[in-house]
Amino acid sequence: MASLGPELQAHGLGCQRGHRALFSDLDLSLSPGQAMQITGENGAGKTTLLKTLCGLRRPEVGRVTWRGLDVHEAPAALGTDLLYIGHENAINPDLSPRENLRMLSRLSGGGGDVASALKGMGLLRVMRTPCRALSAGQRRRVALARLGVSSAALWILDEPAAALDTQGRGLLAAQIAKHASRGGVVLFTTHDRLDLPEITPQELRISA
């Protein structure tokens, strides 16, 4: 897809933890159809950066804009344009994957096909099984199945491949590539590179 101009931009970001600087003078720019993979050692500030980009944490210096609006000065700038999936799966262990996804879809305003989203993450066989009975990798897949029902343009994903096996990583990569091919914007952190079909994500490494 041809670039339509930047949608997400960071200008001179600087954040710290306690008295230690995590990163400074950080700039990034992503247009429709682009993805960025953020890497770095544990403690380097990857999660802090993601939370700053989606407005959950205010930077010490710099600003973040989405479609020209400062996400910290105008909290509604992102609104339903954002889907953020963090380290925690945020699923109810007593509910099945299908029940969890229906609930999460309603809460986020998504209108996608739940069955298709579950199929996209390889969960049809266990879609009626309580999540507490699933493996760690399967529970992560349930959380990531939200990608299939979300209408958000911006996906910010913190270590989405954690606990996934080779098949799960492939399914996740396909979801990211599909979203980008439709003009979506994706940022994600990972310790190991994802093999993304059809797109080459930008890479940003944060040093501790």
Side-chain angles (χ1 to χ4, degrees), residues 7-30 34-66 70-75 77-91 93 100 104 107-108 121 136-137 139-147 150 152-165 168-169 171-173 175-176 179-180 184-196 201-208:
E7 292 211 315
L8 180 71
Q9 292 185 291
H11 311 267
L13 284 190
C15 288
Q16 62 185 51
R17 182 181 297 126
H19 297 292
R20 182 172 73 87
L22 294 173
F23 50 82
S24 61
D25 296 322
L26 188 150
D27 298 317
L28 63 83
S29 179
L30 286 170
Q34 293 186 326
M36 175 175 283
Q37 176 172 276
I38 300 168
T39 61
E41 301 300 323
N42 289 337
K46 300 188 299 296
T47 295
T48 297
L49 174 58
L50 293 191
K51 289 184 176 180
T52 303
L53 292 173
C54 64
L56 295 176
R57 187 189 192 282
R58 184 176 289 273
E60 273 67 41
V61 295
R63 64 196 295 258
V64 179
T65 60
W66 171 251
D70 189 305
V71 304
H72 297 98
E73 299 302 329
L78 286 167
T80 57
D81 285 338
L82 171 69
L83 173 61
Y84 174 74
I85 298 179
H87 281 289
E88 300 297 327
N89 291 324
I91 59 176
N100 266 288
L104 291 169
L107 290 174
S108 64
M121 288 308 299
R139 292 194 295 272
R140 190 57 174 167
R141 290 193 191 201
V142 174
L144 294 171
R146 294 171 60 190
L147 302 176
S150 173
L154 173 63
W155 291 358
I156 295 184
L157 315 174
D158 198 356
E159 295 292 347
L164 295 183
D165 57 13
R169 289 172 62 88
L171 293 171
L172 169 62
Q175 292 276 16
I176 292 174
H179 185 59
V185 177
V186 188
L187 285 97
F188 61 98
T189 59
T190 178
H191 286 293
D192 302 309
R193 291 189 59 179
L194 279 177
D195 183 15
L196 292 172
Q202 300 179 41
E203 293 191 30
L204 173 66
R205 180 168 182 81
I206 300 177
S207 300

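Considering only heavy atoms from C-beta on, Gln175 stays 4.5 Å or farther from Leu144 through its side chain. Side-chain contact between Leu194 and Phe188 is present, with heavy atoms from C-beta onward closer than 4.5 Å. Annotation: side chain of Gln34 is not in contact with side chain of Glu7 (no heavy-atom distance under 4.5 Å). Contact of the Trp155 side chain with the Pro160 side chain is not registered, since no non-hydrogen atoms from C-beta on lie closer than 4.5 Å. Between Leu172 and Leu147, the closest side-chain pair of non-hydrogen atoms falls below 4.5 Å. Residues Trp66 and Leu82 have side chains not in contact (no heavy-atom distance under 4.5 Å, counting atoms from C-beta outward). For the pair Val64 and Leu8, the minimum side-chain heavy-atom distance is below 4.5 Å. Proximity of Thr52 to His72: side-chain heavy atoms (C-beta onward) are separated by under 4.5 Å at one or more points.
Nearest heavy atoms, Phe23 versus Leu13: CD1-O, 3.9 Å. Residues Gly43 and Leu22 come closest through the heavy atom pair O-CD2, 3.8 Å. Taking each heavy atom of Pro59 and Cys15 in turn, the nearest pair found is CA-SG, 3.8 Å. Nearest heavy-atom pair, Ile38 versus Leu187, reported as atom, atom and distance to 0.1 Å: CD1-CD2, 4.0 Å.
Between the side chain of Lys46 and the backbone N or O of Gly40 there is at least one donor-acceptor pair closer than 3.5 Å. Between the side chain of Asp27 and the backbone N or O of Gly12, at least one donor-acceptor pair lies under 3.5 Å.
Interatomic distance, Thr65 OG1 to Gln9 CD, rounded to the nearest 0.5 Å: 4.5 Å. Atom CE of Met36 sits about 4.5 Å away from atom CG of Leu30, to the nearest 0.5 Å. Note: Leu53 CG to Leu78 CG = 9.5 Å, rounded to the nearest 0.5 Å. Separating the CG atom in Leu83 from the SG atom in Cys54 is a distance of 10.0 Å, to the nearest 0.5 Å. Atom OG1 of Thr189 is separated from atom CD of Gln37 by 9.0 Å, given to the nearest 0.5 angstrom. Note that NE2 of His11 is 8.5 Å distant from CG of Asp70, once rounded to the nearest 0.5 Å.
For the side-chain hydrogen bond (donor to acceptor under 3.5 Å, both in side chains) test, residues two or more places apart in sequence or in another chain that qualify with His87 are Thr47, Asp158. Listed by chain and residue number, nothing satisfies the side-chain hydrogen bond (donor to acceptor under 3.5 Å, both in side chains) test with Gln16 (two or more places apart in sequence, or in another chain).
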Exercise. I would like to know whether Arg140 and Asp165 meet salt bridge (Lys or Arg N to Asp or Glu O under 4.0 Å); could you show each step before the answer?
Key: CA-CA 10 Å; Arg140 190 57 174 167; Asp165 57 13; over 6 Å; no
Self-check item: Test log, rule salt bridge (Lys or Arg N to Asp or Glu O under 4.0 Å), inputs Glu88 and Arg139
Solution: CA-CA 10 Å; Glu88 300 297 327; Arg139 292 194 295 272; over 6 Å; no
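Heavy atoms from other residues, nucleotides or ligands lying under 6.0 Å from CZ of Arg193 number 12 at most.
Remark: of the listed residues Arg57, Arg63, Arg58, Arg57 is the sole one forming a salt bridge (charged side-chain N to carboxylate O under 4.0 Å, His left out) with Glu60.
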